[in-house]
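Below: the structure, in structure tokens.
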Amino acid sequence: MVVPSQPLMSLFEEAPVRHEALARLQGWGRAGGGQVRSEDWSGAHPADAPTGAQRTLDSPMVPYSDDETEDELDDQGPAAEPEQNQINREAEQGRDTFRKDCTWQVKANDRKYHEQPHFMNTKFFCIKESKYASNAIKTYKYNVLTFLPMNLFEQFKRAANFYFLVLLILQAIPQISTLAWYTTLVPLLLVLGITAIKDLVDDVARHKMDKEINNRTCEVIKDGRFKVTKWKDIQVGDVIRLKKNDFIPADILLLSSSEPNSLCYVETAELDGETNLKFKMALEITDQYLQREDNLATFDGFIECEEPNNRLDKFTGTLFWRKRSFPLDADKILLRGCVIRNTDVCHGLVIFAGADTKIMKNSGKTRFKRTKIDYLMNYMVYTIFIVLILLSAGLAIGHAYWEAQVGNYSWYLYDGENITPSYRGFLNFWGYIIVLNTMVPISLYVSVEVIRLGQSHFINWDLQMYYSEKDTPAKARTTTLNEQLGQIQYIFSDKTGTLTQNIMTFKKCCINGQIYGDHRDASQHTHSKIEQVDFSWNAFADGKLAFYDHYLIEQIQSGKEPEVRQFFFLLAVCHTVMVERIDGQINYQAASPDEGALVNAARNFGFAFLARTQNTITISELGTERTYSVLAILDFNSDRKRMSIIVRAPEGNIRLYCKGADTVIYERLHPMNPTKQETQDALDIFANETLRTLCLCYKEIEEKEFAEWNKKFMAASVASTNRDEALDKVYEEIERDLILLGATAIEDKLQDGVPETISKLAKADIKIWVLTGDKKETAENIGFACELLTEDTTICYGEDINSLLHTRVENQRNRGGVYAKFAPVVYEPFFPPGENRALVITGSWLNEILLEKKTKRNKILKLKFPRTKEERRIRTQSKRRLEVKKEQRQRNFVDLACECSAVICCRVTPKQKAMVVDLVKRYKKAITLAIGDGANDVNMIKTAHIGVGISGQEGMQAVMSSDYSFAQFRYLQRLLLVHGRWSYIRMCKFLRYFFYKNFAFTLVHFWYSFFNGYSAQTAYEDWFITLYNVLYSSLPVLLMGLLDQDVSDKLSLRFPGLYVVGQRDLLFNYKKFFISLLHGILTSMVLFFIPLGAYLQTVGQDGEAPSDYQSFAVTVASALIITVNFQIGLDTSYWTFVNAFSIFGSIALYFGIMFDFHSAGIHVLLPSAFQFTGTASNALRQPYIWLTIILTVAVCLLPVVAVRFLSMTIWPSESDKIQKHRKRLKAEEQWKRRQNVFRRGVSSRRSAYAFSHQRGYADLISSGRSIRKKRSPLDAIIADGTAEYRRTVES
């Protein structure tokens, strides 16, 4: 088969639709959006069809991709080869690639086909499952059968739990155990039970969410007709029917729709964050034959396409049907997560389902997130393990020595067993492991989980984070990360829908040099309080525009200044907006939200766009309907930054109307424009108010001038090479000597409180990076609006950064050498200190800088695989050098970016967002938080240490993947500065105290060992050891971990500087751990040696000596309980009745249970378990023992009180100072927006008109594809096309 030449391919790939008739005639047209005429491919092999790899198509699904930018900044290639040879070679490579990549096969309406053995993959031993995923989404972990074994397995993976299981087994061996088995079993069961219940509750919630999504319904063809089916029952190959406003349940091939030419409009907010509509178009063949239910039921098409992947804007495949083949691309695929809009009915064939869909492939891996404190706590537990082993080994050696020196020669110690001292020492080693096991607190983990659960509920219950307008409370979707909220160093935020409301509002305008939009009446008098304009005089007004300048209405109605009416007429006519009427109401659908806002503004001011056909547009001008002939639409794109329309009025005169960015409009103005300077000043004012600006202008065109220009335009439209350049050149000829009408100012409304939130977070030393898919100008403008950027900020762009990094790499290479690895690393800043700098970088530059550009496929095909060892070694070294270079470059970029006060990454893909977050995590070791509201933010949210979802305009995908969610960005300051900081402080206090109380409790056994021959005897009663961490000392520390606060929430928000203690790990680290360890050691010494000294050679009041073992154990235990409970009183900053009750209640509970356990009645029931009969009542009636307890407690606590007093007096912390003056500081400080100084003559214009990311609807409009009309037979279409082409050539 002969491959057509590149010019011919280019001609028919890119020509406007009105010239497609010729393409169809030649057999290479884009009939219905890019398919090849079937007659040329009859019976062809799938690989022989032109594929997406051979054609360059602008996909309207996602306007940006790391795949799209791979060639954007490439260097020039090698010397050019003959064009035809290149085309043939690339075609062959494309076919090979197609055969290799397109291995996914789908048969329509044939479920059995996908169940064949060769489609089955072995999952586990002989268990097989289909490679085609079901459409059910599964996020839960357990079911009824797997819950118990899986949960126990996960819990015993924790070192502490497994350790206690081993201890329990050891305690069952009588030769080594001096403790009863229940002392370990009871706490272990309690820990496992509470954790299991928490896991069960979480998993039940996941089950409910999965069930809700999987049980959504749509219509699927079964048994020859459409039947309502649940999403989970949809399978690959099913033909489904969707209706307006339905979510798309899987990735489907669009077969037909109720719209002309089977167009289908979709909203892709879940994928790319954009709420403006995209259009898809079915193949012409399926549009013609698959409209009716019976035809869809008998459809037996076969598809070969690429395997499931995460590229949202790419798709390559072929449809084989009726012995013909038709290439498929992304323009014909509807992705899961999108919503059908403005299309009554559409039909599709399921290609990817469930986990194979592109949105699920993009969601990234679900990472198990753990906090920094978790990791630190585990290391500390390992440290305690080592200390425990060393202590046990030392005491075991002591026992062996004691046995050899004393035990063997003491007849009264003979136990009837002839065991060597060394073996006795070995047994005692395990005995001490059991006795000292409480150094590793079993209740630590369960207590941490309870505290986190409580803190999560406090977030859920916080009414100040409740959004009443949408009835949306804040939600902690995980209970394991709360304290990490108090350690955030970097925030990565999406823009659209997160910082902004994604709502564009017409705010102000400048017409003929006069600014309109202030609060003033019809007489031009300014008022601070004035009612908004009443648009009731206008039948077409939608009543949603809030405008306060009555003078503008006066000008429109009076007609004194014709430029005012001309201004709004331009807004009503120069656009590519689609219009539809629903119940008599006009509804607009725009390619960009800005354009929709402008057309709606014109409508409210009396110039309503009513209807359009292929070459006319109808406008209501102050109640009078007029229809204009549309002679040409000069569509906008990101390069032109403007659009124009040429219309002929009913009177016959021709005008060009143009709107665009001020930077391009001012270059094309007539030199004699009188209001040029006034409009420029207005633009500066608008920019200072962070409004998005746009200039409007027009031009009268003579009939003769237009006729000459139109010939050039038609010729450029069918140019065989460089057609885009030719069209741009023709556009330039007509878009010159324009007359300036004025400028519009649109507000991309920020969410309430965004600047204030960013300001406070910045004062808390948190750096904020904005990662958005929007264009650079828009992102930069929002940066100014939310005060991330200011007028004195020096902005660095991609090219600046690239040169800086290149210089740094060269310097590092020059400094390198033999001894470079031994030289100390010296950090050199990229910028001089003291300057306020910001980085604004696009996704393409990000790939270039970070060396993430992908190698071209044709280059990969030419690679020579290494054969010899030497070749492999050279290839490995080369790879290693490239990796080192890449890592160095990435590290340098992160260092440079972190020197900037703000970073804005625009035009980035979901994958790039996650990559940026990962770079900061990897090279800065910083705690990160990602916040977003769309499915395009999911990967970033999962990558960051903490993910926050905004439940806003773009669905719930981000929320479902997040750790925390709420409705407004402003709640982030409360989440971090209040809940996060409190959680961090509480957890640190809890851990420090917990380690202290366990060391104080356990190490008494160590001191006791020196007086009992190192025989692993316990210093306390068994039941006291069992209940110490469970009942006697658990409640006060839990309540401190839940309720304590150093300063109030208002003061926490007013003084964001308090937040830095968490970022710097000041409250819990190895230093604090060893201080707690030392404190516990000293307390245990006091607890043991003061009662020991007091008991030596003493006689009670009744003449009996109270210095027996059991009385000693009661004395030490009583002093311990009082000491540790009073110690937590000293640690508590925020006293409530509950705290006080828990401290004194725990002490009372201890004495109550002790007297019960020491009673004769319980001894009679269980004599072996309760052996301290009458000890408490006998010992505690002695005043001498009470004095001993009081002395012991006083010696333990008084030094702590003295140290605390001195530290607060001499070295007070910030929170100490604020606590001291809290009454004076109660008045809440009001935040004030930073004032911008307007400097005349210094332009600060930031045009940020949100042009569509690809060409708008102009092609659809001018081709008539979107206009409803009677379907024409194919022969008639070809004949019309041929005739039109002949007319074009003749003219």
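Hydrogens, waters and symmetry mates are skipped; everything else that's a heavy atom, side chains included, is used.
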Tell me yes or no: between the side chains of [X] and [Y], is some donor less than 3.5 Å from an acceptor?
| X | Y | answer |
| --- | --- | --- |
| Ser1034 | Asn1029 | no |
| Asp752 | Gln968 | no |
| Asn836 | Ser901 | yes |
| His979 | Asp462 | yes |
| Thr479 | Ser456 | no |

Establish, yes or no, whether a centroid distance under 6.0 Å links the rings of Tyr467 and Phe966.
no
Around atom [atom1] of [X], are there more than 12 heavy atoms from other residues, nucleotides or ligands closer than 6.0 Å?
| X | atom1 | answer |
| --- | --- | --- |
| Lys372 | NZ | yes |
| Phe1144 | CZ | no |
| Tyr1070 | OH | yes |
| Arg1204 | CZ | yes |
| Tyr1134 | OH | no |

Under 4.0 Å between a side-chain nitrogen and a carboxylate oxygen: does that hold for Asp1131 and Arg992?
no
State plainly whether the residues Asp374 and Arg452 are in salt-bridge range, i.e. N to O under 4.0 Å.
yes
I want to check a possible cation-pi pair here: Arg370 against Tyr375, using under 6.0 Å from ring centre and within 45° of the ring axis as the test.
yes
So, is the end of the Lys997 side chain (NZ or CZ) under 6.0 Å from the ring centre of Phe994 and within 45° of the ring's axis?
yes
Looking at every heavy atom in both Gly932 and Asp937, which two are closest together, and how far apart are they?
CA-OD2, 3.4 Å
Before giving the answer on salt bridge (Lys or Arg N to Asp or Glu O under 4.0 Å), spell out for Arg981 and Asp1046 the whole-Å C-alpha distance, their side-chain angles and the decisive distance to 0.1 Å.
CA-CA 10 Å; Arg981 202 180 71 83; Asp1046 55 345; 2.8 Å; yes
Given side chain to side chain contact (heavy atoms under 4.5 Å, CB included), test Ile766 with Tyr490 step by step and report yes or no.
CA-CA 6 Å; Ile766 299 173; Tyr490 289 86; over 6 Å; no
